[in-house]
Amino acid sequence: MTLVAGVDSSTQSCKVVIRDAETGALVREGRAPHPDGTEVHPDHWWTALQAAIEEAGGLDDVAAIGVAAQQHGMVCLDENGEVVRPALLWNDVRSAKAASDLVAELGGPERWAEAVGSVPVASFTVTKLRWLAEHEPENARRTRSVCLPHDWLTWRLAGRPEVITTDRGDASGTGYWSPITGSYRMDLLELAMGATPEVPRVLGPTERAGTAGDAVLAPGTGDNMAAALGVGMGPGDVVISIGTSGTAFAVSDTPSRDPSGTVAGFADATGRFLPLVCTLNAARVLEAAARILGVSHDRFSELALQAPPGAGGLVLVPYLEGERTPNLPDATGSLHGLRLATSTPAHLARAAVEGMLCGLADALDALKIEPRRILLIGGGARSEAVRRIAPAVFGRPVLVPEPAEYVANGAARQAAWVLSGKPEPPEWRLGEMARYEADPTPGLRERYREATALVAGGAVAGA
Ligand SMILES: Nc1ncnc2c1ncn2[C@@H]1O[C@H](COP(=O)(O)OP(=O)(O)O)[C@@H](O)[C@H]1O
Ligand SMILES: O=C(CO)[C@@H](O)[C@H](O)COP(=O)(O)O
């Protein structure tokens, strides 16, 4: 049996799966936590990767490795390849003003959408580089090259070769690589930093990034692109991922350019495109509400399902980390419509699940496609309450694949694809999916819209 490994170095943890290259059957797996915070030294990712590999029984018998990781994180390296400062992650909003400045300086959101398929908000690497140039000019000066989390981990696994590599998917989240033309926009990097550090070479979907010992290194990709590969997305599928971020995305044969900035026009890991909407507040909203109530995930889910649909009018606006979609980096969460009758743990639990899912329902709508199937994945999809309430909020049935690490699986499938040398990735069976249906909850999304409008009115977008 030929084995391949897939890595998911995401916000909260690193996961490693080892699978049969031909069938995709799981052989071994491991995981290790990442530190908290929106600024993390990449060495922590490396340490967690080593721990996860060890728990997965090592990589000695593995023929190829694919690394997927959280998108957008700014990794700056000096002339010796040493990390200049801890990476600013996708969910660090300190570069919100840099984002609005950059949008204005290029001549408005339409110009950005046309140039790189996306309008940058604080998550995008290009805005973090502007922040660096403005606030830490000495660190900006020392930055000889800039790359992303999956680029850096792949480069480390390859033994720090001369050239750092990336792929189309992850490059499309920088804000200085265009999925429309398939080339870098060094002028935008210059606009952001006043300098043009080296950038990784962009590999094609099955190009090799090098070797790690005897194993071939796949190009790797961003975590959402890997998830698309992991579930084998086809035309008309929408994946909703409830991890640290909430994302809704589809595959497309043509690039997208949304000047409103809601849909990011990413590339995928197969040579196509991945229009995607991302919120900053997903699984951790459930975690936070469970913490307030002092209960476990399972008990939280039971509580949420005890309250009536709509939580008796109680609405939780879930902007606990600020928000990216809508672009309200300084917003905070809030509770609306609290009455004596709704002052119960069950109502609060239900309002947290519904509020988080309403944000994702808006994301789904923004994609402007009539989905053939909606697939729910990510840590939050392990919650029974989320699975049962999602169709009531989305107004459509949802399919839930068996709980698994779909980002790491996608990275492993990419590794198997690279090994195979074939034009298409190997067929790996996804297994049975559970189907959840529910009647739409009357008035819920209208109440959510009213409550978020109050919050948006008090926060300054892009400030
Ligand atoms: N049964 C569950 N109910 C609700 N949330 C859960 C459950 N299991 C895991 N989670 C949450 O899922 C999140 C991790 O999901 P994951 O997709 O691995 O995130 P990431 O890829 O961003 O690191 C954590 O916030 C965790 O609390
Ligand atoms: O910024 C985005 C997408 O644009 C996020 O989806 C990150 O890629 C982090 O993902 P998770 O850690 O939540 O999986």
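In this text, all values refer to a predicted model and were calculated from it rather than measured experimentally. When a ligand or atom number is given, it counts from 1 through the structure's own listing order.
E437 has a carboxylate O that lies under 4.0 Å from a charged side-chain N of R435, or vice versa, which qualifies the two as a salt bridge. Taking the charged nitrogens against the carboxylate oxygens, R31 and E405 do have a contact shorter than 4.0 Å, which makes a salt bridge.
Applying side chain to side chain donor-acceptor pair (under 3.5 Å) to Q71 and the options N224, D170, T174, T247 leaves one that passes, N224.
Under the 4.0 angstrom criterion for non-hydrogen atoms, K15 is in contact with ligand 1. Look at A264 and you'll find every heavy atom at least 4.0 Å from all atoms of ligand 2.
Residue-level proximity to ligand 1 for R382 is carried by backbone and side chain together, each with a heavy atom below 4.0 angstrom. Under 4.0 Å from ligand 2, not a single heavy atom of N91 appears. When heavy-atom distances to ligand 2 are checked against a 4.0 Å cut-off, M225 has no atom that comes that close, whether in backbone or side chain. When heavy-atom distances to ligand 1 are checked against a 4.0 Å cut-off, E287 comes that close only through its side chain, counted from C-beta outward. With a heavy-atom cut-off of 4.0 Å, Q12 does not touch ligand 2 at all.
Atoms of ligand 2 found under 4.0 Å from any heavy atom of T247, numbered from 1 in the order shown, are 6 (O). Close approach of ligand 2 to S10 is summarised as follows: ligand atoms under 4.0 Å from at least one heavy atom of the residue are 12 (O), 14 (O). Shown in contact with F266 at under 4.0 Å from a heavy atom are these atoms of ligand 2, numbered in order with element: 4 (O).
Residue D298 has no N or O atom closer than 3.5 Å to an N or O atom of ligand 1.
Nearest to atom 11 (P) of ligand 2 by heavy-atom distance, out of D223, T244, V277, is D223.
F266 does not carry R168 over the face of its six-membered ring by the limits of under 6.0 Å from the centre and within 45° of the normal.
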